[in-house]
Structures are given as C-alpha cells and as structure tokens.
Amino acid sequence: MINTQRIAEIIIDKSNFNGKIAVILGSGLSRISDKIIKKTTIPYSSIPNYPITNIKGHAGEFVIGELNGTSIIVAKGRMHYYEGYSLDLVTAPIRVLSKLGVKYLIITNSAGSLKIENPPGNFMIADSHMDFTFRENAKDPMIYYDSIFHDHGLIAIAKSASNDLKLNTCTGCYCWTLGPSYETPAEIQDMARLGGGAVGMSTVPEMKTSAELGIKTLTISCLTNYAAGISTMPLTHDEVVSNAGKFDKEFSELLEKVILKI
Ligand code: HPA
C-alpha cells in the first residue's frame with residue numbers, strides 16, 4: 001500500500017505548502033499552472049513508489065506555489081483505473097492532499113457532452129454524478145446529487161465566476177465510464193436517458209475519496225467533444241486533447257476566478 005503520509009512529508013519538505021486549496025487537472029488542461037508563482041514542481045516520477053500516468057496529455061507532476069496571493073497545489077495529470085491501477089492508487093493523491101491539510105478540491109476533466117445544446121467549448125459544473133462502470137459489485141447506474149460529493153457552496157461560486165466571465169457553462173451529471181475505449185452510441189443514449197450530462201473516464205473515485213475525507217469538492221468538466229452518436233464529429237483521444245488545449249485559456253480563467261472567490 002502506498003505511504004501517503006510519507007509523500008505529504010516529501011511535498012512539505014520541498015515546497016513548504018501550507019494552503020487549503022488543491023486542483024486536479026485533466027487531459028490537456030494545464031494552463032492555470034503556468035500562472036503560479038514562487039513555484040515548486042515535483043514530478044510524480046521523483047516520488048518513491050508514486051504511480052505515474054502514461055496517458056498523452058497528462059504531465060504527471062505536482063505544482064505548488066501562489067496563485068493571485070493564494071497558496072495552492074495543483075496535480076497535473078492523474079492515474080486512471082483503466083491504466084490498470086487499483087482504486088487505492090487512483091485515489092492516493094486525494095489522501096496525500098488531505099494529509100497536507102487541503103480543505104477545498106477542484107477536480108477537472110475533459111468530457112464528452114451528452115446534450116446537443118452544450119457543444120464542445122462549453123464547461124459543465126457537476127451537480128451530480130453517475131457510476132456507469134458496471135464493475136463487479138458496482139450498483140446499477142443512478143444519480144447522486146449529495147452535497148458531500150458536489151459542494152453546494154462551491155457550485156454557487158463556480159456559477160457566479162462563470163457569469164462574471166460570461167462563459168457558456170451548464171450544470172449537470174458527470175457519468176464515469178471505465179474506458180479506455182470511447183462509448184458506443186447505444187451506451188450514450190442509455191446514459192442520457194438516465195439523466196447524464198457529460199461522460200468521462202475519471203473523477204468519480206477521486207470525488208468519493210475526497211467526500212470521505214471531508215474535503216469540499218467541486219468538479220468542472222471541459223466539454224471537448226460531443227459523446228458518441230450525439231453528433232457526427234470525430235471522436236479520438238488526439239481530438240479530445242487538442243480541443244482541451246483550445247479551450248484551456250477560458251477554462252483556466254474560470255478556475256482562477258473560482259479560486260479567488262473561495
Ligand atoms: N467519453 C469518455 N471520456 C471522454 C470523452 C468521451 O466522449 N471526451 C473526453 N473524455
């Protein structure tokens with residue numbers, strides 16, 4: 001089992017982090033970390049026994065410093081269940097953040113939009129989630145709206161930040177699928193019928209762990225594509241990463257504003 005206490009100590013030794021806010025950045029969404037000053041960068045590969053991510057679009061490092069005067073830690077890149085890691089490893093970064101004293105976590109991801117009215121380039125604030133993985137022992141998919149997973153105060157802050165910036169942001173249900181292949185149009189129809197708003201291959205294990213640890217959590221998806229069958233647009237990982245890059249500037253502005261308002 002990974003020693004998250006030791007990892008937290010390494011991070012404190014190297015960076016003196018004593019903040020309350022953390023951000024996890026999904027594929028291709030890294031711009032906000034460029035705005036951090038008094039920066040310490042800790043590659044995951046430099047931390048003993050730390051899992052590394054091998055997915056294109058994921059840098060694999062912690063960036064610690066100050067953003068507009070606020071002390072912050074950013075995890076650039078995450079481990080995915082589909083990479084063969086256990087849920088314990090996938091959620092280890094959250095336990096590290098908790099040991100560092102983090103109280104507010106913003107989880108970001110790239111996701112496919114299930115609604116024609118929310119095109120790529122829009123952002124979705126998750127007000128709920130659905131486990132669509134059908135793992136052994138997993139319950140049939142249902143929507144969870146609980147504030148322990150989707151902090152109502154943080155959702156209000158994110159909506160107000162988006163209004164200030166006049167961004168196209170919706171709220172909706174984030175659906176977790178196992179991946180790594182994209183969904184079939186029939187699966188997407190099923191998710192949409194159950195009330196899904198966006199689909200992605202991460203985030204739900206992390207938000208569950210952060211809820212267990214009492215960290216207030218906000219999930220924001222960058223809608224990089226229409227999910228399979230919603231439109232005829234191509235759906236490849238390269239397309240997803242390159243679209244995330246295109247929308248990263250506005251996405252980072254939104255994150256920055258949210259952090260200022262917390
Ligand atoms: N499906 C699953 N994961 C994703 C998608 C998608 O359409 N887009 C970005 N991540």
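Within the structure, ring-ring contact (aromatic ring centres under 6.0 Å, His included) contacts touching residues 9-38 (residues at least two apart or in different chains) do not occur. Counting only residues at least two apart or on different chains, the salt bridge (Lys or Arg N to Asp or Glu O under 4.0 Å) pairs with a member in residues 155-177 are Asp164-Lys261. Pairs of residues two or more places apart, or lying in two chains, that qualify as ring-ring contact (aromatic ring centres under 6.0 Å, His included) and include a residue from residues 101-141 are Phe123-Phe251, His129-Tyr144, His129-Phe149, His129-His150, Phe132-Phe134.
If you take OG1 on Thr70 and CD1 on Ile21, they are separated by 5.5 Å, rounding to the nearest 0.5 Å. The CG atom of Asn243 sits 5.0 Å away from the CD atom of Glu239 when rounded to the nearest 0.5 Å. Atoms OG1 and CD, from Thr219 and Glu206 in turn, are 8.5 Å apart once rounded to the nearest 0.5 Å. Atom NZ of Lys35 is separated from atom CG of Leu255 by 9.5 Å, given to the nearest 0.5 angstrom. The OG atom of Ser221 lies 4.5 Å from the CE atom of Met124; values are rounded to the nearest 0.5 Å. Rounding to the nearest 0.5 angstrom, the gap separating the CG atom in Leu105 from the OG1 atom in Thr108 is 9.5 Å.
Applying the ring pair (Phe, Tyr, Trp, His ring centres under 6.0 Å) test to Tyr50 and every residue at least two apart in sequence or in another chain returns Tyr44, Phe62. Checked against side chain to side chain donor-acceptor pair (under 3.5 Å), Lys249 has the following partners two or more places apart in sequence or in another chain: Glu253. Scanning for side chain to side chain contact (heavy atoms under 4.5 Å, CB included) contacts around Ile37 gives Glu66, with sequence neighbours left out. Shown here are the side chain to side chain donor-acceptor pair (under 3.5 Å) partners of Asp190, two or more places apart in sequence or in another chain: Arg193. Under the side chain to side chain contact (heavy atoms under 4.5 Å, CB included) criterion, Thr209 pairs with Thr91, Ile94, Arg95, Leu213, not counting sequence neighbours. Partners of Asn16 under the side chain to side chain contact (heavy atoms under 4.5 Å, CB included) rule, at least two apart in sequence or in another chain, do not exist in this structure. Every residue two or more places apart in sequence or in another chain was checked for a side chain to side chain donor-acceptor pair (under 3.5 Å) with Glu250, and none qualifies. Residues satisfying the side chain to side chain donor-acceptor pair (under 3.5 Å) criterion with Lys115, sequence neighbours excluded, are absent altogether.
When atom types are taken as modelled, the side chain of Asn118 and the backbone of Ser113 share no donor-acceptor pair closer than 3.5 angstrom. Not a single donor-acceptor pair under 3.5 Å links the side chain of Ser162 to the backbone N or O of Ala158. The main-chain N or O of Ile215 is found under 3.5 Å from a side-chain atom of Thr217 such that the two form a donor-acceptor pair. Here the side chain of Lys257 pairs no donor or acceptor atom with the backbone of Ile157 at under 3.5 angstrom. When atom types are taken as modelled, the side chain of Asp146 and the backbone of Ile148 share no donor-acceptor pair closer than 3.5 angstrom.
Contact of the Asn122 side chain with the Thr169 side chain is not registered, since no non-hydrogen atoms from C-beta on lie closer than 4.5 Å. The side-chain heavy atoms of Ile11 and Ile73, taken from C-beta on, include a pair separated by under 4.5 Å. You'll find the side chain of Leu89 stays beyond 4.5 Å of the side chain of Met79, heavy atoms only. Using a 4.5 Å cut-off on side-chain heavy atoms (C-beta onward), Ile36 and Ile64 make no contact. Residues Ile259 and Ile32 are in side-chain contact: their nearest non-hydrogen atoms beyond the backbone lie under 4.5 Å apart. Side-chain contact between Asp131 and Lys208: present, with at least one pair of heavy atoms (C-beta onward) separated by less than 4.5 Å.
Between His80 and Glu83 the shortest heavy-atom distance is N-OE2, 2.8 Å. Shown here for Pro43 and Glu61, the closest heavy-atom pair between the two residues is CA-CB, 3.7 Å. Minimum heavy-atom separation, Gly28 to Asp248: O-OD2, 3.5 Å. In terms of heavy atoms, Ala227 sits closest to Ile188 at CB-CD1, 3.6 Å. Smallest separation of non-hydrogen atoms from Phe247 and Leu223: CE1-O, 3.8 Å. Residues Gly196 and Met130 come closest through the heavy atom pair N-CE, 3.9 Å.
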- Yes or no on side-chain contact (heavy atoms from CB on, under 4.5 Å) for Lys14 and Ile42, after CA distance, side-chain angles and deciding distance? CA-CA 8 Å; Lys14 293 198 175 174; Ile42 307 178; 3.8 Å; yes
- Item | Test log, rule side-chain contact (heavy atoms from CB on, under 4.5 Å), inputs Ile2 and Thr4 | CA-CA 6 Å; Ile2 188 162; Thr4 49; 4.2 Å; yes
- Message: With side-chain contact (heavy atoms from CB on, under 4.5 Å) as the criterion, how do Leu114 and Met191 come out once you've worked through the C-alpha distance, each side chain's angles and the decisive distance to 0.1 Å?
- Response: CA-CA 8 Å; Leu114 297 183; Met191 267 174 237; 3.9 Å; yes
- Query: side-chain contact (heavy atoms from CB on, under 4.5 Å) between Ile7 and Asn49: does it pass, once the steps are laid out?
  - Reply: CA-CA 9 Å; Ile7 297 169; Asn49 301 322; over 6 Å; no
- Query: Would Asp88 and Ser86 count as a side chain to side chain donor-acceptor pair (under 3.5 Å) if you check the C-alpha gap in whole Å, the side-chain angles of each, and the deciding distance to 0.1 Å?
  - Reply: CA-CA 5 Å; Asp88 188 64; Ser86 64; 4.9 Å; no
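Under 3.5 Å, the side chains of Asn68 and Glu256 contain a donor-acceptor pair of N or O atoms. Side-chain contact, Thr203 with Asn109: a donor N or O sits under 3.5 Å from an acceptor N or O. Residues Ser15 and Thr40 bring no donor and acceptor atom of their side chains to less than 3.5 Å of each other.
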Check: residues 170-186 side-chain donor-acceptor pairs under 3.5 Å, at least two apart:
{"unit_1": "Tyr174", "atom_1": "OH", "unit_2": "Met201", "atom_2": "N", "d": "3.4"}
{"unit_1": "Tyr174", "atom_1": "OH", "unit_2": "Ser202", "atom_2": "N", "d": "3.2"}
{"unit_1": "Tyr174", "atom_1": "OH", "unit_2": "Ser202", "atom_2": "O", "d": "3.3"}
{"unit_1": "Thr177", "atom_1": "OG1", "unit_2": "Glu183", "atom_2": "OE2", "d": "2.9"}
{"unit_1": "Thr177", "atom_1": "OG1", "unit_2": "Gly200", "atom_2": "O", "d": "3.4"}
{"unit_1": "Thr184", "atom_1": "OG1", "unit_2": "Glu187", "atom_2": "N", "d": "3.1"}
{"unit_1": "Thr184", "atom_1": "OG1", "unit_2": "Glu187", "atom_2": "OE1", "d": "3.3"}

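Grouping the Ile, Leu, Val, Met, Phe, Trp and Tyr side chains by contacts below 4.5 angstrom, directly or via other members, places Leu154 with Leu165. With hydrophobic clusters built from ILVMFWY side chains whose heavy atoms lie under 4.5 angstrom apart, Leu260 does not share a cluster with Leu218.
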